[in-house]
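For ligands, and for the atoms within them, numbers begin at 1 and follow the listed sequence. Atom set for the values below is all heavy atoms of this structure, side chains included, hydrogens, waters and symmetry mates excluded.
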Amino acid sequence: MYSYQSLPPPKTILSAAASLTASALLFKTIATTLLPTDLTNYLSSSFTTLFHRLSAHLTVVIPDSDGLTPNHLFQAANLYLGTKLSPSTHRIKINKPENEHDLIITVDRNQHITDTFQNITCKWVLKTEQLEFVNSNSNTVRSEQKFFELSFRNTHKETVIKQYLPHVLKTAEHIKAQLKAVKLHTVDYSGTDYWSSVVLNHPATFETIAMDNEMKAWILEDVKLFVKRKDYYRRVGKAWKRGYLFYGPPGTGKSSLVAAMANYLKFDVYDLDLREVQCNSDLRRLLIGTKNRSIIVIEDIDCNVGVQSREGENEGPDKDDKITLSGLLNFIDGLWSSCGDERIIVFTTNHKERLDAALLRPGRMDVHVEMSYCTYDGFKILASTYLQVKEDEKLEHFQVVKEALKKVKVTPAEIAGELMKGEDAEIVLQNLTRWLQLKDES
Ligand SMILES: Nc1ncnc2c1ncn2[C@@H]1O[C@H](COP(=O)(O)OP(=O)(O)OP(=O)(O)O)[C@@H](O)[C@H]1O
C-alpha cells in the first residue's frame, strides 16, 4: 500500500490516468474498427453474462410492447410506480385523459424508484432505447422502445416473479379503477347504430339512496361479494354475472340505484332501450359489444312489447326479424351469457305483474328488489342529503312526517322535489308537512 508520503506527485497521477483512458479508448476504437460486428456483440454479451454471473443481483427487463401488442405488465408498473415516488424523484409525468376525472402520475425516464416488498428491495428504472428498422418501402424508420429495469437480489427471484409482480398488476388494476370515470353508453340510433358514450355524472351513491336501510345494506353486501367471487364462479362453472330486477312505481329510485351501484363499483353503464332494437341478432351484436365490469340496464322491461311474453313468438314468417323474450333469455342464461366477465344485468319495471313468468323464475334474475314509496328511513336520508338536517335537530317536524308517511303514499322523487323548494330547513319542513297533510285529506 502507498503511504501518503510515498504517493507519486499529482501531476504524475493525472498523466497516468490520462494515458490509461486514452489506451482504453484506443482499444475500443481498434476493437470496433477491426473486429467484425458479430464478434464485438458476442464479446459484449459474454462480458454482460459474466458480469451478471458474478453479480448477486438479477435484472428483469419489462419492455412496453412485444412489437405488436402492448405489454400489460409495463403499463401496470408505470401506474404502480407513480404511487411510489420519493423526495429523491426529480422528474415525473402527468397526464389527464379527456374522459377521466383525475390526473395520472407516472415516473419519467432514468428516474430510480426503490420499492420494498416483504423486506425485498426492488429497484426500478425506466429507460428508453432507439430502434431502427427498415419498413416495406425500404425506408429506415426510427422508433423508441421504453422498458423498465427491475433489479433485486438473485435469491428473491421466486418471490419477485410469483408474488411481487402479481402484486404490481393487482395494485395497478385498483389504481386504474379509482382513476376511471364511470361512463354511460347508449346506442346512437341516428348514426352508427352502435354504442356511444359520455361520462356518467349521476351523483347517486348508496348513502344518498332513500330506501329501507336493511335492504340497502343487503344490496351493497351482495355487489361486494359478487365482484370478489371470480374464482367461485369459475369453480362452480357459472358465468360471472348477476341479474337484478328493480321494480316499483315511477320515482322510487330504480335508476338512481343503478347509478349508485355503477359509482360504487366504477362499472360503466350500458343503457339499452329494447324498443329501438330491431331483432335478436341486433340484440346479440349490442350485448357482445359491451365491456367487462359493466352494468347492462334494460329499463321498463314491461314496455318492451316483444319481450313481455313468449306466447306466439315462434309464429309467423318474420319470427327471426324481431326481438323476442327467448332471445333475451338466451343472452341472460344461454351460451351468450358466458361472453364476458363481471357483468351485472339490471331490468327495471313499474309493473312486475306484467312480466312473463319465464323472466321471474327463480335463478333467472338473481335478486328482486322492491323500490317502494317513501318510508320514514328514506325520508331521514333525503332530509340529510337535501337539507343537511338530522332527526334530533327538527324532531317535531320529523315526527309529523313520520306519522304522515304511514298514511300517504308518496315517492322519494316527490319528497325530494318538495325538499328542493328552499334553503331554510325550517320553512321547507313546515311546507312539506302541510303538503303531506293536503295529500292525506285528498
Ligand atoms: N330512493 C330514492 N333515493 C334518493 N333519491 C330518489 C329516490 N327515488 C327518486 N329519487 C329522486 O328522484 C329522481 C327520479 O328518480 P329515479 O329516476 O331514480 O326513479 P325511477 O324509479 O327510476 O323512476 P322511473 O320508473 O320513472 O324510471 C332521482 O333523480 C332522485 O333525485
- Message: Measuring only between side-chain heavy atoms, which start at C-beta, is Phe152 closer than 4.5 Å to Val60?
- Response: yes

- Can you figure out which of Pro250, Pro203, Ser255, Pro249 has its heavy atom closest to atom 27 (O) of ligand 1? Ser255

- Do His185 and Asp268 meet the criterion of a side-chain donor-acceptor pair at a distance under 3.5 Å? yes

- What atoms of ligand 1 come closer than 4.0 angstrom to any heavy atom of Ala413? 9 (C), 11 (C), 12 (O)

- Message: Give me the atom names and distance for the closest heavy-atom approach of Ala210 to Gly378.
- Response: CB-O, 3.3 Å

- Message: Which of the numbered atoms in ligand 1 are under 4.0 angstrom from any heavy atom belonging to Ser256?
- Response: 15 (O), 16 (P), 18 (O), 28 (C), 30 (C)

- Task: Compute the shortest N/O to N/O distance between Met371 and ligand 1 and return yes if it is under 3.5 Å, no if not.
- Result: no

- Message: Does the plane of the ring in Phe226 sit parallel, tilted or perpendicular to the ring in Tyr233? Use 30° and 60° as the thresholds.
- Response: perpendicular

- Output the list of atoms in ligand 1 that are nearer than 4.0 Å to some heavy atom of Asn350, sorted by atom number. 25 (O)

- Query: What do you reckon, does Tyr386 put a non-hydrogen atom under 4.0 Å from ligand 1?
  - Reply: yes

- Should the pair Lys127 and Phe147 be classed as cation-pi, given the thresholds of under 6.0 Å to the six-membered ring centre and 45° from the axis? no

- Message: Which residue and atom name correspond to the protein heavy atom nearest atom 9 (C) of ligand 1, and how close is it?
- Response: Gly251 O, 3.3 Å

- Hey, are Tyr376 and Glu391 close enough side-chain-wise for a donor-acceptor pair under 3.5 Å? yes

- Can you tell me which residue and heavy atom of the protein come closest to atom 19 (O) of ligand 1, and the distance to 0.1 Å? Gly253 N, 3.2 Å

- Query: Do the charged groups of Lys390 and Glu393 touch, with an N to O distance under 4.0 Å?
  - Reply: no

- Are Thr385 and Thr208 close enough that a side-chain donor and a side-chain acceptor fall under 3.5 Å? no

- Which of the atoms of ligand 1 are close to Thr208, meaning less than 4.0 Å from one of its heavy atoms? 3 (N), 4 (C)

- Query: In terms of residue, atom name and distance, what is the protein heavy atom nearest to atom 7 (C) of ligand 1?
  - Reply: Pro412 CB, 3.4 Å

- Protein heavy-atom partner closest to atom 3 (N) of ligand 1 - residue, atom, separation in Å: Ala210 N, 2.7 Å

- Note on the structure: If you scan protein heavy atoms around atom 20 (P) of ligand 1, the nearest is Lys254 N, 3.5 Å

- Task: May I ask you to check if ligand 1 and Leu382 share an N or O to N or O distance below 3.5 Å?
- Result: no

- Message: Would you say Tyr244 and Asp222 are linked by a side-chain donor-acceptor pair, where the criterion is simply a distance under 3.5 Å?
- Response: yes

